[in-house]
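All remarks here apply to the structure that follows.
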Amino acid sequence: MLLQGSTRASYFWDDSSGRAGDTGLPASGKPMQKGMIASPSWPLFTEGYVVYKGKKAKFFVGDRGPGVPSNSGVMIDLDAKTFADLTGGRFNPATLGVDGNGGMGHIDVKYVVTKWGDGVGKKNHPVAFSTGAWRYRDANPAKPPQTALVKAERSKKSVKTQQAIQTFAKPKIMSEPLTAPEAIIAAKPLALSGAAGAAEQEVRDLGATAPVAAETSTGPSTAASLALAGVLAAGGGTYLVAGRLRRRAVAEES
């Protein structure tokens, strides 16, 4: 879909016989046929379709027109056979007109352009023949509209992307919390030696014989143990006993 809109449409049938006011062969050089329309401004051989009361008919631009009627908003001249099909009438080959549709000569249609012709003409909503737009090459065609299907696909992709981000960012919860000694061991980045190692061992022994309470004045036992492990790993002398931090002098190794 390159362009969509609505307009009033008339009909014609130029068979170069001189009947019904036709002026000869269509401007494209193609013989008059079903599916050919005349446009006041679109490039020749532009393709698309029109819709009228749920009925759809394909077209290609093969001629120029309407002339004066385009000044009042009649921007498509359908071929008489297509016009008859859309309105429930019948094409009259003797008069080149449409019979049996209640005398309708103009209808309101929706149009969709699916392919622009390569020649001169305006690649946008149609304008009156009198503007002369059909004589100039359009280097700035209309921006294709977004269809409901494209919007739905983009919305679906956006939802999937957000779900993936949420799944990736969601924190993983351990099935069972670590005990104080286990937390120290899990968080320990490297082995200590000397006085710092002795302090760590004392805390391990304390944790094995007297488990730290689930909640202390400084927070959960696991959080406190992890904080302790960081201090020990740094070589300091601060350690946790029953939820409180106490200072312990660490003698330098000789």
Quiz item: Are Lys58 and Tyr49 in a cation-pi setup, meaning NZ or CZ lies under 6.0 angstrom from the ring centre and within 45 degrees of the ring axis?
Solution: no
Quiz item: Looking only at heavy atoms, what is the nearest atom pair of Gly62 and Pro26, with distance?
Solution: O-CB, 3.3 Å
Quiz item: Under 6.0 Å from the CG atom of Asp118, do we count more than 12 heavy atoms belonging to anything else shown?
Solution: no
Exercise. Step by step, work out the side-chain contact (heavy atoms from CB on, under 4.5 Å) result for Ile37 and Phe60.
Key: CA-CA 6 Å; Ile37 71 168; Phe60 75 93; over 6 Å; no
Practice problem: Indicate if Ile107 and Phe59 have the same hydrophobic cluster label, given that clusters are the connected sets of ILVMFWY residues with side-chain heavy-atom separations under 4.5 angstrom. | Solution: yes
Quiz prompt | Nearest-0.5 Å distance, CE of residue Met32 to CG of residue Asp14 | solution = 6.5 Å
Practice problem: Starting at OG1 of Thr87, measure out to NZ of Lys53 and round the result to the nearest 0.5 Å. | Solution: 9.5 Å
Exercise. For the residue pair Met1 and Pro145, establish whether any side-chain heavy-atom pair is separated by less than 4.5 Å.
Key: yes
Quiz item: Within the distance-only criterion (no hydrogens, no angle test), does the side chain of Trp42 pair as donor or acceptor with the backbone N or O of Asn124 below 3.5 angstrom?
Solution: yes
Exercise. Using distance alone, with no hydrogens and no angle criterion, decide if Asp79 and Thr82 have a side-chain donor and acceptor under 3.5 Å apart.
Key: yes
Self-check item: Closest non-hydrogen atom pair, Gln4 against His125
Solution: O-CE1, 3.1 Å
Exercise. Would you please name every residue forming a side-chain contact (heavy atoms from CB on, under 4.5 Å) with Ala128, sequence neighbours left out?
Key: Ser70, Asn71, Ser130, Thr131
Exercise. Please round to the nearest 0.5 Å and tell me the distance separating atom CD of Gln33 and atom NZ of Lys81.
Key: 9.5 Å
Exercise. Determine the minimum heavy-atom distance between Pro40 and Pro66, stating which atoms define it.
Key: CB-O, 3.9 Å
Self-check item: 4.5 Å side-chain heavy-atom contact, Leu3 and Val112
Solution: no
Quiz prompt | Side chain to side chain, Leu78 and Leu86, heavy atoms closer than 4.5 Å | solution = yes
Practice problem: Say whether Met104 and Val74 are linked into one hydrophobic cluster, either directly or through other cluster members, by side-chain heavy-atom distances under 4.5 angstrom. | Solution: no
Quiz item: With distance as the sole test, does Tyr11 use its side chain to make a donor-acceptor pair with the main-chain N or O of Val98 at under 3.5 Å?
Solution: yes
Quiz item: What are the two closest heavy atoms between Pro43 and Gly119, and how far apart are they?
Solution: CB-O, 3.8 Å
Quiz item: Do the ring centers of Trp116 and Phe45 come within less than 6.0 Å of each other?
Solution: no
Practice problem: Looking only at non-hydrogen atoms, find the nearest pair between Val109 and Ala9 and report the distance. | Solution: CG2-CB, 4.0 Å
Quiz prompt | Any side-chain heavy-atom pair of Met36 and Lys30 under 4.5 Å | solution = yes
Quiz item: Is any side-chain heavy atom of Val50 less than 4.5 Å from a side-chain heavy atom of Lys56?
Solution: no
Quiz item: CZ/Arg64 to OG/Ser41 distance, rounded to the nearest 0.5 angstrom?
Solution: 7.5 Å
Quiz item: Is the distance between the ring centroids of Trp13 and Phe83 less than 6.0 Å?
Solution: no
Practice problem: Name all residues meeting the side-chain contact (heavy atoms from CB on, under 4.5 Å) criterion together with Asp138; count only those two or more places apart in sequence or in a different chain, and write none if there are none. | Solution: Lys122, Lys123, Asn140
Practice problem: Enter the distance from Glu47:CD to Leu2:CG here, rounded to the nearest 0.5 Å. | Solution: 10.5 Å
Quiz prompt | Straight-line distance of Lys55 NZ to Asp85 CG, nearest 0.5 Å | solution = 7.5 Å
Quiz item: Taking only residues two or more places apart in sequence, or in another chain, which ones meet Ala38 in a side-chain contact (heavy atoms from CB on, under 4.5 Å)?
Solution: Phe12, Asp63, Asp77
Practice problem: Could you tell me whether a side-chain N or O of Thr46 sits under 3.5 Å from a main-chain N or O of Val61, the two making a donor and an acceptor? | Solution: no
Practice problem: Answer yes or no: is there a donor N or O on one side and an acceptor on the other, between the side chain of Trp134 and the main chain of Phe129, under 3.5 Å? | Solution: yes
